[in-house]
2 protein chains.
Amino acid sequence: MESEGHETEPGTTRPGGRTARVRAAVLEAAGDVLAEHGFAHLDLADVARRAGVGKTTVYRRWGTATGLVTDLLLDMAQQSVPRTETGSLLGDLTANARLVQRTLADPRQGALFKAVIAAATCDPKAAEALHGFYAVRVKEWAPCVRQAAARGEVPEDTDPYEVIRAASAPLYYRLLTTDLPLDEAAADRAATATAAAARAGAFGRGA
Amino acid sequence: MESEGHETEPGTTRPGGRTARVRAAVLEAAGDVLAEHGFAHLDLADVARRAGVGKTTVYRRWGTATGLVTDLLLDMAQQSVPRTETGSLLGDLTANARLVQRTLADPRQGALFKAVIAAATCDPKAAEALHGFYAVRVKEWAPCVRQAAARGEVPEDTDPYEVIRAASAPLYYRLLTTDLPLDEAAADRAATATAAAARAGAFGRGA
DNA sequence: CAACTAACGGAACGGGAGTCCCGTTATGGA
DNA sequence: TCCATAACGGGACTCCCGTTCCGTTAGTTG
(Lines give C-alpha, C1' and ligand atoms only; values in the text may rest on other atoms or scores of the structure.)
Protein backbone atom coordinates (compact mmCIF):
# COMPACT_ATOMS: atom_id res chain seq x y z
CA MET A 1 0.00 0.00 0.00
CA GLU A 2 2.23 2.82 -1.18
CA SER A 3 1.52 6.01 0.71
CA GLU A 4 3.62 8.01 -1.70
CA GLY A 5 2.21 10.65 -3.95
CA HIS A 6 2.23 9.71 -7.62
CA GLU A 7 5.74 8.72 -8.60
CA THR A 8 6.73 9.63 -12.16
CA GLU A 9 6.24 6.82 -14.68
CA PRO A 10 9.41 5.32 -16.19
CA GLY A 11 10.17 6.87 -19.55
CA THR A 12 8.84 10.33 -18.77
CA THR A 13 11.91 12.09 -17.40
CA ARG A 14 14.32 10.88 -20.07
CA PRO A 15 12.20 10.07 -23.09
CA GLY A 16 15.05 10.25 -25.62
CA GLY A 17 17.72 7.87 -26.89
CA ARG A 18 17.63 4.43 -25.33
CA THR A 19 14.17 4.81 -23.81
CA ALA A 20 12.69 5.56 -27.22
CA ARG A 21 14.62 2.71 -28.83
CA VAL A 22 13.36 0.26 -26.23
CA ARG A 23 9.79 1.41 -26.74
CA ALA A 24 10.01 1.05 -30.50
CA ALA A 25 11.52 -2.44 -30.24
CA VAL A 26 8.96 -3.59 -27.68
CA LEU A 27 5.97 -2.24 -29.59
CA GLU A 28 7.17 -3.85 -32.80
CA ALA A 29 7.68 -7.18 -31.06
CA ALA A 30 4.26 -6.89 -29.44
CA GLY A 31 2.73 -6.29 -32.85
CA ASP A 32 4.47 -9.38 -34.20
CA VAL A 33 3.17 -11.56 -31.38
CA LEU A 34 -0.36 -10.21 -31.77
CA ALA A 35 -0.33 -10.81 -35.51
CA GLU A 36 0.95 -14.36 -35.03
CA HIS A 37 -0.79 -15.66 -31.93
CA GLY A 38 -3.43 -13.11 -30.98
CA PHE A 39 -4.13 -11.25 -27.79
CA ALA A 40 -4.78 -14.36 -25.70
CA HIS A 41 -1.19 -15.50 -26.08
CA LEU A 42 0.46 -12.14 -25.57
CA ASP A 43 3.15 -12.96 -23.02
CA LEU A 44 5.23 -10.04 -21.79
CA ALA A 45 8.30 -12.21 -21.23
CA ASP A 46 8.06 -13.44 -24.81
CA VAL A 47 7.77 -9.87 -26.08
CA ALA A 48 10.86 -8.89 -24.08
CA ARG A 49 12.83 -11.79 -25.55
CA ARG A 50 11.87 -10.90 -29.13
CA ALA A 51 12.60 -7.24 -28.59
CA GLY A 52 16.01 -8.04 -27.16
CA VAL A 53 15.09 -6.22 -24.01
CA GLY A 54 15.10 -7.14 -20.33
CA LYS A 55 11.95 -8.78 -19.03
CA THR A 56 12.01 -6.45 -16.05
CA THR A 57 11.87 -3.40 -18.29
CA VAL A 58 8.70 -4.52 -20.02
CA TYR A 59 6.95 -5.28 -16.74
CA ARG A 60 8.11 -1.99 -15.24
CA ARG A 61 6.99 0.23 -18.11
CA TRP A 62 3.85 -1.54 -19.34
CA GLY A 63 2.87 -3.86 -16.53
CA THR A 64 0.15 -5.87 -18.23
CA ALA A 65 -0.86 -7.15 -21.65
CA THR A 66 -3.67 -4.62 -21.89
CA GLY A 67 -1.27 -1.84 -20.91
CA LEU A 68 1.07 -2.85 -23.70
CA VAL A 69 -1.75 -3.00 -26.24
CA THR A 70 -2.96 0.40 -25.08
CA ASP A 71 0.44 1.93 -25.75
CA LEU A 72 0.56 0.17 -29.10
CA LEU A 73 -2.72 1.84 -29.97
CA LEU A 74 -1.41 5.25 -28.92
CA ASP A 75 1.52 4.62 -31.23
CA MET A 76 -0.77 3.61 -34.10
CA ALA A 77 -2.79 6.77 -33.56
CA GLN A 78 0.26 8.82 -34.54
CA GLN A 79 0.22 7.69 -38.16
CA SER A 80 -2.78 9.37 -39.73
CA VAL A 81 -3.79 8.73 -43.32
CA PRO A 82 -4.93 12.02 -44.88
CA ARG A 83 -8.54 12.29 -45.94
CA THR A 84 -9.25 12.43 -49.65
CA GLU A 85 -11.91 14.71 -51.14
CA THR A 86 -13.86 13.55 -54.17
CA GLY A 87 -16.57 16.19 -54.43
CA SER A 88 -19.53 13.97 -53.57
CA LEU A 89 -20.71 12.37 -50.33
CA LEU A 90 -20.83 8.92 -51.89
CA GLY A 91 -17.30 9.32 -53.20
CA ASP A 92 -15.95 10.47 -49.86
CA LEU A 93 -17.72 7.74 -47.91
CA THR A 94 -16.52 5.12 -50.36
CA ALA A 95 -12.95 6.34 -49.94
CA ASN A 96 -13.35 6.13 -46.18
CA ALA A 97 -14.96 2.70 -46.21
CA ARG A 98 -12.33 1.30 -48.54
CA LEU A 99 -9.58 2.66 -46.31
CA VAL A 100 -11.11 0.93 -43.31
CA GLN A 101 -11.69 -2.23 -45.31
CA ARG A 102 -8.09 -2.39 -46.55
CA THR A 103 -6.82 -1.83 -43.03
CA LEU A 104 -8.96 -4.54 -41.47
CA ALA A 105 -8.37 -6.98 -44.33
CA ASP A 106 -4.60 -6.62 -44.01
CA PRO A 107 -3.40 -9.66 -42.00
CA ARG A 108 -1.17 -7.74 -39.64
CA GLN A 109 -3.26 -4.61 -39.21
CA GLY A 110 -6.47 -6.60 -38.91
CA ALA A 111 -4.99 -8.76 -36.16
CA LEU A 112 -3.82 -5.64 -34.35
CA PHE A 113 -7.26 -4.08 -34.42
CA LYS A 114 -8.86 -7.29 -33.22
CA ALA A 115 -6.39 -7.38 -30.34
CA VAL A 116 -7.00 -3.76 -29.47
CA ILE A 117 -10.75 -4.32 -29.41
CA ALA A 118 -10.31 -7.38 -27.23
CA ALA A 119 -8.14 -5.39 -24.84
CA ALA A 120 -10.69 -2.57 -24.75
CA THR A 121 -13.47 -4.93 -23.69
CA CYS A 122 -11.30 -6.05 -20.77
CA ASP A 123 -9.58 -2.94 -19.51
CA PRO A 124 -10.98 0.57 -18.94
CA LYS A 125 -7.69 2.26 -19.83
CA ALA A 126 -7.54 0.41 -23.12
CA ALA A 127 -11.17 1.28 -23.78
CA GLU A 128 -10.48 4.95 -23.17
CA ALA A 129 -7.55 4.88 -25.57
CA LEU A 130 -9.63 3.10 -28.21
CA HIS A 131 -12.51 5.55 -27.88
CA GLY A 132 -10.09 8.44 -28.21
CA PHE A 133 -8.58 6.85 -31.30
CA TYR A 134 -11.92 6.58 -33.06
CA ALA A 135 -13.08 9.98 -31.87
CA VAL A 136 -10.10 11.50 -33.70
CA ARG A 137 -10.69 9.48 -36.86
CA VAL A 138 -14.38 10.32 -36.96
CA LYS A 139 -13.69 14.00 -36.37
CA GLU A 140 -11.17 13.94 -39.19
CA TRP A 141 -13.73 12.71 -41.70
CA ALA A 142 -16.74 14.66 -40.44
CA PRO A 143 -16.08 17.69 -42.70
CA CYS A 144 -17.02 15.70 -45.79
CA VAL A 145 -20.55 15.40 -44.41
CA ARG A 146 -20.71 19.14 -43.69
CA GLN A 147 -19.57 19.84 -47.23
CA ALA A 148 -22.30 17.55 -48.51
CA ALA A 149 -24.81 19.51 -46.43
CA ALA A 150 -23.48 22.78 -47.87
CA ARG A 151 -23.94 21.34 -51.36
CA GLY A 152 -27.49 20.38 -50.47
CA GLU A 153 -26.87 16.65 -50.80
CA VAL A 154 -28.13 15.96 -47.29
CA PRO A 155 -30.36 17.89 -44.85
CA GLU A 156 -28.74 20.71 -42.88
CA ASP A 157 -29.33 19.05 -39.51
CA THR A 158 -27.47 15.84 -40.44
CA ASP A 159 -25.17 14.62 -37.66
CA PRO A 160 -21.74 14.26 -39.34
CA TYR A 161 -20.31 11.93 -36.72
CA GLU A 162 -23.18 9.48 -37.01
CA VAL A 163 -22.76 9.33 -40.76
CA ILE A 164 -19.06 8.57 -40.58
CA ARG A 165 -19.62 5.91 -37.93
CA ALA A 166 -22.40 4.36 -40.00
CA ALA A 167 -20.01 3.87 -42.90
CA SER A 168 -17.50 1.92 -40.80
CA ALA A 169 -19.85 -0.04 -38.59
CA PRO A 170 -20.87 -2.76 -41.06
CA LEU A 171 -17.23 -3.56 -41.76
CA TYR A 172 -16.35 -4.07 -38.11
CA TYR A 173 -19.56 -6.03 -37.57
CA ARG A 174 -18.69 -8.28 -40.47
CA LEU A 175 -15.13 -8.75 -39.22
CA LEU A 176 -16.19 -9.71 -35.72
CA THR A 177 -19.43 -11.64 -36.11
CA THR A 178 -19.08 -13.47 -39.42
CA ASP A 179 -16.50 -15.43 -41.38
CA LEU A 180 -17.48 -13.70 -44.61
CA PRO A 181 -14.71 -12.07 -46.63
CA LEU A 182 -14.08 -8.39 -45.95
CA ASP A 183 -13.76 -7.33 -49.57
CA GLU A 184 -14.14 -4.10 -51.50
CA ALA A 185 -17.75 -4.93 -52.34
CA ALA A 186 -18.56 -4.89 -48.63
CA ALA A 187 -16.93 -1.47 -48.32
CA ASP A 188 -18.80 -0.07 -51.30
CA ARG A 189 -22.08 -1.46 -49.97
CA ALA A 190 -21.52 0.20 -46.61
CA ALA A 191 -20.76 3.52 -48.29
CA THR A 192 -23.73 3.31 -50.64
CA ALA A 193 -26.16 2.42 -47.89
CA THR A 194 -24.88 5.19 -45.63
CA ALA A 195 -25.04 7.80 -48.37
CA ALA A 196 -28.59 6.76 -49.27
CA ALA A 197 -29.70 6.89 -45.65
CA ALA A 198 -28.07 10.28 -45.15
CA ARG A 199 -29.78 11.68 -48.25
CA ALA A 200 -33.09 10.41 -46.89
CA GLY A 201 -32.48 12.36 -43.69
CA ALA A 202 -32.02 9.33 -41.44
CA PHE A 203 -29.18 11.01 -39.53
CA GLY A 204 -31.06 14.21 -38.75
CA ARG A 205 -30.36 15.55 -35.26
CA GLY A 206 -33.98 16.35 -34.51
CA ALA A 207 -35.66 13.17 -35.70
CA MET B 1 1.98 -36.86 -27.54
CA GLU B 2 -1.00 -39.14 -27.18
CA SER B 3 -1.14 -41.65 -29.98
CA GLU B 4 -4.70 -42.53 -29.12
CA GLY B 5 -7.59 -41.87 -31.45
CA HIS B 6 -9.92 -39.15 -30.26
CA GLU B 7 -11.02 -39.93 -26.73
CA THR B 8 -14.57 -38.95 -25.88
CA GLU B 9 -14.92 -35.57 -24.17
CA PRO B 10 -16.08 -35.59 -20.54
CA GLY B 11 -19.80 -34.98 -20.31
CA THR B 12 -20.75 -36.69 -23.55
CA THR B 13 -21.36 -40.26 -22.39
CA ARG B 14 -23.44 -39.36 -19.33
CA PRO B 15 -24.88 -35.92 -20.02
CA GLY B 16 -27.66 -36.15 -17.45
CA GLY B 17 -28.00 -35.59 -13.71
CA ARG B 18 -24.87 -34.43 -12.01
CA THR B 19 -23.03 -33.55 -15.21
CA ALA B 20 -25.82 -31.19 -16.26
CA ARG B 21 -26.01 -29.66 -12.77
CA VAL B 22 -22.28 -29.02 -12.75
CA ARG B 23 -22.45 -27.40 -16.17
CA ALA B 24 -25.32 -25.14 -15.15
CA ALA B 25 -23.56 -24.07 -11.94
CA VAL B 26 -20.25 -23.41 -13.72
CA LEU B 27 -21.79 -21.45 -16.56
CA GLU B 28 -23.77 -19.30 -14.14
CA ALA B 29 -20.68 -18.63 -12.05
CA ALA B 30 -18.71 -17.82 -15.18
CA GLY B 31 -21.39 -15.34 -16.19
CA ASP B 32 -21.20 -13.71 -12.79
CA VAL B 33 -17.44 -13.31 -12.99
CA LEU B 34 -17.63 -11.91 -16.52
CA ALA B 35 -20.30 -9.41 -15.51
CA GLU B 36 -18.28 -8.30 -12.48
CA HIS B 37 -14.67 -8.34 -13.61
CA GLY B 38 -14.66 -8.93 -17.36
CA PHE B 39 -12.96 -11.47 -19.56
CA ALA B 40 -9.43 -10.50 -18.58
CA HIS B 41 -9.97 -11.61 -14.99
CA LEU B 42 -11.83 -14.82 -15.75
CA ASP B 43 -9.97 -17.31 -13.56
CA LEU B 44 -11.09 -20.93 -13.83
CA ALA B 45 -10.19 -21.68 -10.22
CA ASP B 46 -12.33 -18.75 -9.11
CA VAL B 47 -15.23 -19.96 -11.22
CA ALA B 48 -14.94 -23.42 -9.70
CA ARG B 49 -14.96 -21.97 -6.19
CA ARG B 50 -18.08 -19.87 -6.87
CA ALA B 51 -19.85 -22.77 -8.54
CA GLY B 52 -19.09 -25.04 -5.59
CA VAL B 53 -17.34 -27.43 -7.94
CA GLY B 54 -13.94 -29.04 -7.99
CA LYS B 55 -11.22 -27.05 -9.73
CA THR B 56 -10.13 -30.20 -11.53
CA THR B 57 -13.56 -30.61 -13.08
CA VAL B 58 -13.54 -27.17 -14.63
CA TYR B 59 -10.08 -27.64 -16.09
CA ARG B 60 -10.95 -31.09 -17.38
CA ARG B 61 -14.20 -30.12 -19.13
CA TRP B 62 -13.45 -26.60 -20.34
CA GLY B 63 -9.69 -26.30 -20.18
CA THR B 64 -9.29 -22.60 -20.88
CA ALA B 65 -11.09 -19.30 -20.37
CA THR B 66 -11.99 -19.10 -24.06
CA GLY B 67 -13.31 -22.65 -23.94
CA LEU B 68 -15.55 -21.74 -21.05
CA VAL B 69 -16.83 -18.61 -22.77
CA THR B 70 -17.47 -20.62 -25.91
CA ASP B 71 -19.68 -23.04 -24.02
CA LEU B 72 -21.41 -20.13 -22.34
CA LEU B 73 -22.25 -18.77 -25.79
CA LEU B 74 -23.60 -22.14 -26.93
CA ASP B 75 -25.81 -22.06 -23.85
CA MET B 76 -26.98 -18.51 -24.60
CA ALA B 77 -27.79 -19.56 -28.15
CA GLN B 78 -30.48 -21.88 -26.78
CA GLN B 79 -32.72 -19.08 -25.57
CA SER B 80 -34.19 -17.47 -28.65
CA VAL B 81 -36.45 -14.42 -28.48
CA PRO B 82 -39.26 -14.81 -31.03
CA ARG B 83 -39.37 -12.34 -33.87
CA THR B 84 -42.21 -9.84 -33.91
CA GLU B 85 -44.01 -8.83 -37.09
CA THR B 86 -45.28 -5.29 -37.46
CA GLY B 87 -46.30 -5.16 -41.11
CA SER B 88 -43.66 -2.71 -42.30
CA LEU B 89 -39.91 -3.02 -42.84
CA LEU B 90 -39.21 -0.01 -40.66
CA GLY B 91 -41.33 -1.44 -37.88
CA ASP B 92 -39.63 -4.83 -38.02
CA LEU B 93 -36.13 -3.38 -38.18
CA THR B 94 -36.94 -1.06 -35.27
CA ALA B 95 -38.14 -4.02 -33.22
CA ASN B 96 -34.95 -5.89 -34.05
CA ALA B 97 -32.66 -2.95 -33.31
CA ARG B 98 -34.37 -2.22 -30.01
CA LEU B 99 -34.05 -5.86 -29.00
CA VAL B 100 -30.32 -5.74 -29.71
CA GLN B 101 -30.01 -2.39 -27.97
CA ARG B 102 -31.78 -3.57 -24.82
CA THR B 103 -29.63 -6.68 -24.74
CA LEU B 104 -26.35 -4.81 -25.10
CA ALA B 105 -27.41 -2.04 -22.71
CA ASP B 106 -28.29 -4.54 -19.99
CA PRO B 107 -25.33 -4.61 -17.59
CA ARG B 108 -25.05 -8.36 -17.35
CA GLN B 109 -25.93 -9.27 -20.91
CA GLY B 110 -23.81 -6.49 -22.32
CA ALA B 111 -20.80 -7.66 -20.34
CA LEU B 112 -21.35 -11.20 -21.55
CA PHE B 113 -21.42 -10.14 -25.17
CA LYS B 114 -18.30 -8.06 -24.75
CA ALA B 115 -16.57 -11.07 -23.22
CA VAL B 116 -17.73 -13.36 -25.98
CA ILE B 117 -16.47 -10.96 -28.61
CA ALA B 118 -13.14 -10.68 -26.84
CA ALA B 119 -12.85 -14.45 -26.69
CA ALA B 120 -13.73 -14.75 -30.36
CA THR B 121 -10.90 -12.43 -31.37
CA CYS B 122 -8.48 -14.69 -29.48
CA ASP B 123 -9.62 -18.22 -30.14
CA PRO B 124 -10.77 -19.87 -33.41
CA LYS B 125 -13.21 -22.19 -31.63
CA ALA B 126 -14.84 -19.25 -29.89
CA ALA B 127 -14.96 -17.34 -33.17
CA GLU B 128 -16.67 -20.25 -34.88
CA ALA B 129 -19.28 -20.43 -32.13
CA LEU B 130 -19.88 -16.69 -32.30
CA HIS B 131 -20.27 -16.73 -36.07
CA GLY B 132 -22.74 -19.57 -35.79
CA PHE B 133 -24.68 -17.68 -33.15
CA TYR B 134 -25.12 -14.62 -35.34
CA ALA B 135 -25.79 -16.68 -38.46
CA VAL B 136 -28.81 -18.16 -36.68
CA ARG B 137 -30.06 -14.79 -35.43
CA VAL B 138 -29.68 -13.17 -38.83
CA LYS B 139 -31.43 -16.07 -40.54
CA GLU B 140 -34.27 -15.79 -38.02
CA TRP B 141 -34.95 -12.17 -38.95
CA ALA B 142 -34.29 -12.37 -42.67
CA PRO B 143 -37.94 -13.21 -43.55
CA CYS B 144 -39.05 -9.71 -42.62
CA VAL B 145 -36.94 -8.37 -45.48
CA ARG B 146 -38.41 -10.90 -47.90
CA GLN B 147 -41.89 -9.88 -46.81
CA ALA B 148 -40.96 -6.24 -47.45
CA ALA B 149 -39.79 -7.23 -50.91
CA ALA B 150 -43.07 -9.05 -51.53
CA ARG B 151 -44.93 -5.90 -50.49
CA GLY B 152 -42.83 -3.88 -52.89
CA GLU B 153 -41.16 -1.84 -50.14
CA VAL B 154 -37.69 -2.77 -51.34
CA PRO B 155 -36.28 -4.09 -54.63
CA GLU B 156 -36.69 -7.81 -55.31
CA ASP B 157 -32.95 -8.49 -55.39
CA THR B 158 -32.35 -7.08 -51.88
CA ASP B 159 -30.02 -9.27 -49.79
CA PRO B 160 -32.00 -9.98 -46.59
CA TYR B 161 -28.97 -10.94 -44.51
CA GLU B 162 -27.13 -7.73 -45.32
CA VAL B 163 -30.13 -5.68 -44.27
CA ILE B 164 -30.45 -7.42 -40.91
CA ARG B 165 -26.74 -7.06 -40.26
CA ALA B 166 -26.84 -3.41 -41.21
CA ALA B 167 -29.45 -2.75 -38.54
CA SER B 168 -27.31 -4.23 -35.75
CA ALA B 169 -23.89 -3.06 -36.86
CA PRO B 170 -24.10 0.57 -35.66
CA LEU B 171 -25.10 -0.60 -32.17
CA TYR B 172 -22.12 -2.90 -31.80
CA TYR B 173 -19.82 -0.29 -33.29
CA ARG B 174 -21.10 2.26 -30.79
CA LEU B 175 -20.70 -0.18 -27.90
CA LEU B 176 -17.13 -1.08 -28.77
CA THR B 177 -15.57 2.09 -30.15
CA THR B 178 -17.27 4.92 -28.26
CA ASP B 179 -18.35 5.79 -24.74
CA LEU B 180 -21.64 7.20 -25.98
CA PRO B 181 -24.84 5.86 -24.41
CA LEU B 182 -26.50 2.94 -26.17
CA ASP B 183 -30.04 4.26 -25.93
CA GLU B 184 -33.27 3.68 -27.80
CA ALA B 185 -32.60 6.69 -30.02
CA ALA B 186 -29.49 4.96 -31.33
CA ALA B 187 -31.53 1.85 -32.08
CA ASP B 188 -34.21 3.81 -33.90
CA ARG B 189 -31.60 5.69 -35.89
CA ALA B 190 -29.99 2.42 -36.98
CA ALA B 191 -33.35 1.03 -38.04
CA THR B 192 -34.39 4.20 -39.88
CA ALA B 193 -31.10 4.45 -41.75
CA THR B 194 -31.16 0.79 -42.74
CA ALA B 195 -34.76 0.95 -43.93
CA ALA B 196 -34.04 4.06 -45.99
CA ALA B 197 -30.95 2.48 -47.54
CA ALA B 198 -32.85 -0.72 -48.32
CA ARG B 199 -35.66 1.23 -49.98
CA ALA B 200 -33.08 3.03 -52.09
CA GLY B 201 -31.77 -0.34 -53.28
CA ALA B 202 -28.41 -0.11 -51.51
CA PHE B 203 -28.51 -3.81 -50.57
CA GLY B 204 -29.23 -5.10 -54.06
CA ARG B 205 -27.35 -8.31 -54.86
CA GLY B 206 -26.34 -7.20 -58.35
CA ALA B 207 -25.07 -3.71 -57.59
C1' DC C 1 33.17 16.60 -20.29
C1' DA C 2 32.03 15.37 -15.71
C1' DA C 3 28.43 14.33 -12.30
C1' DC C 4 23.98 12.91 -11.28
C1' DT C 5 20.59 9.72 -11.72
C1' DA C 6 16.83 7.81 -14.84
C1' DA C 7 16.28 3.74 -16.99
C1' DC C 8 17.84 -0.79 -18.18
C1' DG C 9 19.15 -5.82 -17.30
C1' DG C 10 20.51 -10.09 -14.93
C1' DA C 11 19.44 -13.21 -11.28
C1' DA C 12 17.05 -15.03 -7.65
C1' DC C 13 12.60 -15.42 -5.46
C1' DG C 14 7.44 -16.20 -4.22
C1' DG C 15 3.00 -17.41 -5.33
C1' DG C 16 -0.62 -18.97 -7.87
C1' DA C 17 -2.40 -21.11 -12.16
C1' DG C 18 -2.77 -25.45 -14.23
C1' DT C 19 -1.67 -30.68 -13.93
C1' DC C 20 -1.59 -35.29 -12.01
C1' DC C 21 -2.95 -39.05 -9.16
C1' DC C 22 -6.19 -41.66 -7.16
C1' DG C 23 -10.08 -42.42 -4.17
C1' DT C 24 -15.27 -41.30 -4.14
C1' DT C 25 -19.80 -40.52 -6.08
C1' DA C 26 -23.70 -41.45 -8.81
C1' DT C 27 -25.42 -42.23 -13.73
C1' DG C 28 -27.17 -45.27 -17.41
C1' DG C 29 -27.95 -49.77 -18.75
C1' DA C 30 -28.87 -54.83 -17.94
C1' DT D 1 -31.98 -53.54 -8.18
C1' DC D 2 -27.18 -54.08 -9.05
C1' DC D 3 -22.98 -53.45 -11.73
C1' DA D 4 -19.58 -51.13 -14.57
C1' DT D 5 -17.58 -46.98 -15.16
C1' DA D 6 -18.22 -41.94 -16.40
C1' DA D 7 -17.54 -38.03 -14.05
C1' DC D 8 -16.38 -35.57 -9.94
C1' DG D 9 -13.29 -33.87 -5.96
C1' DG D 10 -9.42 -33.26 -2.89
C1' DG D 11 -4.66 -32.65 -2.33
C1' DA D 12 0.03 -32.68 -3.72
C1' DC D 13 3.11 -31.21 -7.17
C1' DT D 14 5.26 -28.42 -10.96
C1' DC D 15 6.22 -24.71 -13.61
C1' DC D 16 6.33 -20.21 -15.02
C1' DC D 17 4.38 -15.39 -14.58
C1' DG D 18 5.33 -11.38 -12.27
C1' DT D 19 8.15 -9.12 -8.61
C1' DT D 20 12.19 -7.61 -6.10
C1' DC D 21 16.97 -6.47 -5.51
C1' DC D 22 20.85 -4.41 -6.93
C1' DG D 23 24.62 -3.57 -10.06
C1' DT D 24 25.39 -1.42 -14.83
C1' DT D 25 24.56 1.67 -18.70
C1' DA D 26 23.69 5.90 -20.75
C1' DG D 27 20.55 10.49 -21.05
C1' DT D 28 20.52 14.99 -19.40
C1' DT D 29 22.15 19.08 -17.21
C1' DG D 30 25.49 22.53 -15.94
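Numbered from 1 within each chain, the chains take letters A, B, ... in sequence-line order.
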Output side-chain donor-acceptor pairs under 3.5 Å for residues 161-168 of chain A, partner residues at least two apart or in another chain, one line each.
residue, atom, partner, partner atom, Å
A:Glu162, OE1, B:Arg189, NH1, 3.0
A:Glu162, OE2, A:Arg165, NH1, 2.9
A:Glu162, OE2, B:Arg174, NH2, 2.7
A:Glu162, OE2, B:Arg189, NH1, 3.3

Whole-Å gap separating P (C:dC8) and CD (A:Glu9): 12 Å

With sequence neighbours excluded, residues passing salt bridge (charged side-chain N to carboxylate O under 4.0 Å, His left out) with B:Glu184: B:Arg98

Residues in salt bridge (charged side-chain N to carboxylate O under 4.0 Å, His left out) contact with B:Arg60, at least two apart in sequence or another chain: none

Atom pair distance, as rounded to whole Å: NE2 in B:His41 and P in D:dG18: 12 Å

Whole-Å gap separating C1' (D:dC8) and CZ (B:Arg23): 17 Å

For residues 68-77 of chain B, tabulate all N or O donor-acceptor pairs below 3.5 Å that involve a side-chain atom, not counting sequence neighbours.
residue, atom, partner, partner atom, Å
B:Thr70, OG1, B:Thr66, O, 2.7
B:Asp71, OD1, B:Arg23, NH1, 2.6
B:Asp71, OD2, B:Arg23, NH1, 2.8
B:Asp71, OD2, B:Trp62, NE1, 2.9

Under 4.0 Å protein heavy-atom contact, by nucleotide of nucleotides 12-17 of chain C - B base, S sugar-phosphate only: -----S

Relative orientation of the end axes in the helix from C:dC1-D:dG30 to C:dA30-D:dT1, expressed as an angle to the nearest 10° (five pairs per end): 60°

Partners meeting salt bridge (charged side-chain N to carboxylate O under 4.0 Å, His left out) with B:Arg50 (sequence neighbours left out): B:Glu36, B:Asp46

Partner set under ring-ring contact (aromatic ring centres under 6.0 Å, His included) for A:Phe203, not counting sequence neighbours: none

B:Phe39: partners by ring-ring contact (aromatic ring centres under 6.0 Å, His included), with sequence neighbours left out: none

Gap separating the OG1 atom of B:Thr86 from the CG atom of B:Asp92, nearest 0.5 angstrom: 3.5 Å

Sugar-phosphate, base or nothing in reach of A:Gly63, heavy atoms under 4.0 Å: nothing

Qualifying residues under salt bridge (charged side-chain N to carboxylate O under 4.0 Å, His left out), relative to B:Glu85, sequence neighbours excluded: B:Arg83

Given DNA chain C, 5'-ward residue of the pair B:Leu44 and A:Pro10, judged by closest heavy atom: A:Pro10

Euclidean distance, B:Leu93 CG relative to B:Asp188 CG, rounded to 0.5 Å: 11.5 Å

side-chain hydrogen bond (donor to acceptor under 3.5 Å, both in side chains): pairs with one or both residues in residues 101-129 of chain B, sequence neighbours excluded: B:Asp32-B:Arg108

Heavy-atom protein contacts under 4.0 Å, nucleotides 21-30 of chain C, coded B base, S sugar-phosphate only, - none: B---BBBS--

